[in-house]
Trainee: 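Quick one: the structure is below, and I'll ask about it shortly.
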Amino acid sequence: MKTLEEIENLSPEELEQAAAGSAVPVPDGLERGIRQALAARELAQAASRPRPARWVPVAALAVAAAAAAVVVLPQRGPKDTFDDPRLAYAEVEKAFQLISDKMSVGAELAREARTVSENTLNIIDNIQSK
């Protein structure tokens, strides 16, 4: 084995020859670990990259359509569709119940997505900590 001073005095060509002449055992699973680390890094970079705003043209078109509708359509006051206030109140309650049911479904989907994303982040953290 060479001393540190001897190694520092070697030229790059001599270092390459010494490295090529020695057989160093590669640990089992090294390639798999490197691939996993690179995949985790790619996922982390993909998650941090800003996504292009594809909805901007659609939103601009919707705003333009709404503005055109306000200008073109005749202005009318609201029309009372119910003669009985109790019947109107019952319809409002029915509409709010429908909204509540739909929101519950959406909230449940959001909870499930959060669980999945937390599991994914835990897996990535475990891979990176190894």
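Because the structure is predicted, anything quoted here is derived from the model rather than measured.
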Trainee: Taking only residues two or more places apart in sequence or in another chain, which ones pass side-chain contact (heavy atoms from CB on, under 4.5 Å) with E14?
Mentor: L10, S11
Trainee: When rounded to the nearest 0.5 angstrom, what is the spacing between CG in D84 and CD in E91?
Mentor: 11.0 Å
Trainee: With sequence neighbours left out, write down each residue that passes side-chain contact (heavy atoms from CB on, under 4.5 Å) with L43, or none if nothing qualifies.
Mentor: I124
Trainee: Are M103 and V92 joined in one hydrophobic group, where the rule is that I, L, V, M, F, W and Y side chains link up if heavy atoms are under 4.5 Å apart?
Mentor: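 Looking at the clustering, V92 is in the same group as M103.
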Trainee: Starting from the C-alpha separation in whole Å, work towards a yes-or-no answer on side-chain contact (heavy atoms from CB on, under 4.5 Å) for E6 and T3.
Mentor: CA-CA 5 Å; E6 291 173 341; T3 64; 3.3 Å; yes
Trainee: Out of curiosity, R41 CZ to L38 CG, how far, rounded to the nearest 0.5 Å?
Mentor: 7.5 Å
Trainee: Does E118 reach the side chain of L121, with side-chain heavy atoms less than 4.5 Å apart?
Mentor: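 When only atoms from C-beta onward are counted, L121 and E118 do not touch, as no gap falls below 4.5 Å.
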Trainee: Which residues satisfy the salt bridge (charged side-chain N to carboxylate O under 4.0 Å, His left out) test with E5, sequence neighbours excluded?
Mentor: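 Partners of E5 under the salt bridge (charged side-chain N to carboxylate O under 4.0 Å, His left out) test: none.
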Trainee: According to side-chain contact (heavy atoms from CB on, under 4.5 Å), who are the partners of E108, at least two apart in sequence or on a separate chain?
Mentor: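 Expected list: R111, E112.
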Trainee: What's the shortest heavy-atom distance between A40 and I127, and which atoms?
Mentor: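 Heavy atoms of A40 and I127 come nearest at CB-CG2, 4.2 Å.
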Trainee: Might you confirm whether atom CZ of F82 has over 12 heavy atoms from other residues, nucleotides or ligands at distances under 6.0 Å?
Mentor: yes
Trainee: Using side-chain contact (heavy atoms from CB on, under 4.5 Å) as the criterion, list what pairs up with Q17, not counting sequence neighbours.
Mentor: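 By the side-chain contact (heavy atoms from CB on, under 4.5 Å) rule, Q17 matches no residue at all.
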Trainee: Look up atom NZ in K94 and atom CD1 in I99, then write down how far apart they are to the nearest 0.5 Å.
Mentor: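 Answer rounded to 0.5 Å: 13.0 Å.
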Trainee: Quick check: does any side chain N or O of S100 sit under 3.5 Å from a backbone N or O of F96, one acting as donor and the other as acceptor?
Mentor: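 Checking the backbone N and O of F96 against the side chain of S100, no donor-acceptor pair under 3.5 Å is found.
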Trainee: Assess whether atom CG of D83 is packed by more than 12 heavy atoms of other residues, nucleotides or ligands within 6.0 Å.
Mentor: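 No - once you tally the heavy atoms of other residues, nucleotides and ligands closer than 6.0 Å, there are 12 at most.
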Trainee: Any side-chain hydrogen bond (donor to acceptor under 3.5 Å, both in side chains) pairs touching residues 119-129, not counting sequence neighbours?
Mentor: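 Output for this query is empty, none listed.
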